[in-house]
Protein chains: 2
Amino acid sequence: MDTEPTKIPQATAKRLPLYYRFINNLHSQGKLRVSSKELSEAVKVDSATIRRDFSYFGALGKKGYGYNVEYLLSFFRKTLDQDETTEVALIGVGNLGTAFLNYNFTKNNNTRIQVAFDADKRRVGTEVGGVKVEHIDDFENKIENIKVAILTVPSNAAQGMAERLIEAGVTAILNFTPARITVPPHVRVHHIDLAVELQALVYFLKHYPLEDGEEEE
Amino acid sequence: MDTEPTKIPQATAKRLPLYYRFINNLHSQGKLRVSSKELSEAVKVDSATIRRDFSYFGALGKKGYGYNVEYLLSFFRKTLDQDETTEVALIGVGNLGTAFLNYNFTKNNNTRIQVAFDADKRRVGTEVGGVKVEHIDDFENKIENIKVAILTVPSNAAQGMAERLIEAGVTAILNFTPARITVPPHVRVHHIDLAVELQALVYFLKHYPLEDGEEEE
DNA sequence: CTTACTATGTGAAACATTTAACGACTTCTC
DNA sequence: GAGAAGTCGTTAAATGTTTCACATAGTAAG
């Protein structure tokens, strides 16, 4: 009973949540069918890429018709495990951390921030976005079943915190600090580096002028 | 006098700011030389990839020696236009926007948030992270020379704001809203979608177990 | 039923990126 | 100064991703 088909390319996997969200929108708008072309315009991914992506999961659509929204939705729900919620811990309740806490992922998502931690005693005990803030030194006791952490601490604390998280059983970290943390091979880290993103955008702006007609991810 | 060599691959261009920051660190630590191997360990990019990346700009290193930090730094400073500051506008001073304003990009960066805008009158007139907050309806007058905007507004406002920004002359947008905005071909948009990033991480966690020895970007 | 239309799923080509491997040159050590 | 060790720059191979283009099968309508 493995839901896994053959391995999906990573590039495809990264687009799945995006597809899911949009299909979800369509569904709540009461739309019954959708073509790869419509989807393409909405999510800004080439329609052939969408068809290819979907095809890794088998034939989800009907020729001459498109995709049935209801079916697509229930398919992705299963595939993305939307039914079981993944509990997440957030480390560092600064501005960025607060932004996450207020984001309310659970709405369209299978992820929920269960608990947040901060080193600043003034923040401990408060509640942000419905999530309790605990002191960072207590966390070893409070994240026993948590495998995913969002790291929004100052960058000099990043490596140390990562090690403590891993020690406590975390195996996936979304790292928003500029520090590139070093982790054992069984731990997955995704870096999102705001300064780098902004600089890269500026670099593209200056060195890769868009000609009319050239489009963009 | 074109600083442009032949076109650099996009994947390389996205790594340049990362390299720059790290080389900058080395320099302020007083380090004189660095090898692609050391750099690789620090930024978590394969050393062959680093050598390849650097080689697009010509021969920056010396065989048997490595790279001279001073030289590398001054080279990247030029290449990434670190000398001229790019002015940026920030739209939407919520938690995420505030996080950006407090980030202080100028420190290691050639980008500076010059002005921020918000629709909430209570925020207008305040200063966040040293940046004045203006009312959003005034912005057409105040961003005449600004080409880059960070969009951290609620997602239902994203498309409309994007259009106003473009109308006012913006040609690059860093979009943090979940909305995939539609823009004319001469405008560059980079999407950073926090919920998608988190979901993708969870998907990888569940479906792509890391074997020992497998490493990760 | 037949014809016109539509849109999928995919083979094959094109394109992009990463990685391995190694020759050439430098530095280091004795 | 000679040999060992180190490290770049690059050629070539491998891998990954996107896109084209079209046969095929379904829909829609008279």
Side-chain angles (χ1 to χ4, degrees), chain A residues 5-16 18-19 23 26 31-72 75-76 200 204 207-208 211 213-217, chain B residues 5-16 18-19 23 26 31-72 75-76 200 204 207-208 211 213-217:
Chain A
T6 22
K7 274 293 179 239
I8 303 307
Q10 297 220 357
T12 297
K14 287 190 183 169
R15 285 188 291 264
L16 297 182
L18 187 59
Y19 295 151
I23 295 161
L26 289 181
K31 237 172 161 279
L32 297 177
R33 58 187 261 190
V34 65
S35 68
S36 59
K37 186 144 162 285
E38 283 175 275
L39 248 113
S40 169
E41 277 151 27
V43 299
K44 317 289 178 197
V45 172
D46 185 272
S47 72
T49 302
I50 292 177
R51 292 200 301 281
R52 168 76 73 217
D53 283 347
F54 286 8
S55 80
Y56 290 116
F57 299 100
L60 303 180
K62 273 211 202 108
K63 307 193 179 195
Y65 174 89
Y67 300 91
N68 178 295
V69 172
E70 181 92 35
Y71 178 72
L72 216 48
F75 181 83
F76 275 107
F204 280 120
H207 297 262
Y208 294 69
E211 285 115 59
E214 185 182 343
E215 287 286 334
E216 194 35 29
E217 165 255 24
Chain B
T6 22
K7 276 289 181 241
I8 304 306
Q10 297 220 358
T12 297
K14 287 191 183 170
R15 283 187 292 262
L16 297 182
L18 187 59
Y19 295 151
I23 295 162
L26 289 181
K31 234 169 163 277
L32 297 177
R33 58 188 264 191
V34 64
S35 68
S36 60
K37 188 146 161 283
E38 284 174 273
L39 239 93
S40 169
E41 276 152 26
V43 301
K44 316 288 177 197
V45 172
D46 185 272
S47 71
T49 302
I50 292 177
R51 292 200 300 282
R52 159 82 69 235
D53 283 347
F54 286 8
S55 80
Y56 290 117
F57 299 99
L60 303 181
K62 273 213 201 104
K63 308 192 176 194
Y65 174 89
Y67 301 91
N68 179 296
V69 172
E70 182 91 35
Y71 177 72
L72 216 47
F75 180 83
F76 274 108
F204 280 120
H207 297 261
Y208 294 69
E211 284 114 59
E214 186 182 344
E215 287 289 333
E216 196 33 31
E217 167 255 26

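None of the values given here were measured: they were computed from a predicted structure. Every chain is numbered from 1, with letters handed out A, B, ... down the list of sequences.
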Item checked: Atom-to-atom span, NZ of Lys62(A) to C1' of dA7(C) - whole angstrom -> 13 Å
Next item on the list: Could you list the residues that satisfy side-chain hydrogen bond (donor to acceptor under 3.5 Å, both in side chains) with Thr49(B), not counting sequence neighbours?
Entry: none
Note to self: Mind checking if Ser36(A) touches a base, just sugar-phosphate, or nothing, with heavy atoms under 4.0 Å?
What the structure shows: sugar-phosphate
Item checked: Gly66(A) or Arg52(A), whichever maps to the more 5' nucleotide of DNA chain C -> Gly66(A)
Notebook entry, point to check: Roughly how many Å is it from NZ in Lys7(B) to P in dC15(C), rounded to a whole number?
Noted result: 18 Å
Checklist line | Set of residues satisfying side-chain hydrogen bond (donor to acceptor under 3.5 Å, both in side chains) with respect to Glu41(A), sequence neighbours excluded | finding: none
Which donor-acceptor pairs under 3.5 Å do the side chains of residues 32-39 of chain B make with protein atoms, sequence neighbours left out?
from     : atom 1 : to       : atom 2 : distance (Å)
Arg33(B) : NE     : Tyr65(B) : O      : 3.4
Arg33(B) : NH2    : Tyr65(B) : O      : 3.1
Ser35(B) : OG     : Lys37(B) : N      : 3.4
Ser35(B) : OG     : Glu38(B) : N      : 3.2
Ser36(B) : OG     : Arg51(B) : NH1    : 3.2
Glu38(B) : OE1    : Ser35(B) : N      : 3.1
Glu38(B) : OE2    : Lys31(B) : NZ     : 2.6

Note to self: Once side-chain hydrogen bond (donor to acceptor under 3.5 Å, both in side chains) is applied, do any residues pair with Arg15(B), and if so which ones, sequence neighbours excluded?
What the structure shows: Tyr19(B), Asp53(B)
Item checked: Any Tyr67(A) side-chain N or O less than 4.0 Å from OP1/OP2 of dG9(C) -> yes
Next item on the list: Check every strand shown and say whether Phe54(B) touches a base, only sugar-phosphate, or nothing at a heavy-atom separation below 4.0 Å.
Entry: nothing
Note to self: Measure CD1/Ile50(B) against P/dT10(D) and give the value in whole Å, please.
What the structure shows: 17 Å
Checklist line | Within-4.5 Å side-chain heavy-atom neighbours: Leu16(A) and Tyr56(A) | finding: no
Next item on the list: Provide, to the nearest angstrom, the distance between the CZ atom belonging to Arg51(B) and the C1' atom belonging to dT19(C).
Entry: 10 Å
Item checked: dT17(D) OP1/OP2 closer than 4.0 Å to side-chain N/O of Thr49(A) -> no
Note to self: Pick the closest DNA chain D nucleotide for Arg15(A) and for Ala48(B) by heavy atoms, then say which residue is nearer the 5' end.
What the structure shows: Ala48(B)
Checklist line | Lys37(B) NZ - dA5(D) P separation (whole Å) | finding: 15 Å
Next item on the list: Using whole Å, report how far CG of Leu32(B) lies from P of dT27(C).
Entry: 14 Å
Check: To the nearest Å, how far apart are Ile8(A) CD1 and dG16(D) P?
Finding: 14 Å
Check: Contact class for Thr12(A) (heavy atom, under 4.0 Å): base, sugar-phosphate, or nothing?
Finding: nothing
Checklist line | Tyr67(B) and Leu26(B), any side-chain heavy atoms less than 4.5 Å apart | finding: no
Margin query: By nearest heavy atom, map Ser35(A) and Asp46(B) onto DNA chain C; which one lands nearer the 5' end?
Written below: Ser35(A)
Item checked: With Phe204(B) via ring pair (Phe, Tyr, Trp, His ring centres under 6.0 Å) - residues at least two apart -> His190(A), Tyr208(B)
Next item on the list: Take the protein atom OH of Tyr71(A) and the nucleotide atom P of dG26(D), then report the distance between them rounded to whole Å.
Entry: 15 Å
Please tabulate, one pair per line, each protein N/O and nucleotide N/O from nucleotides 2-6 of chain C that are separated by under 3.5 Å, including the distance.
none

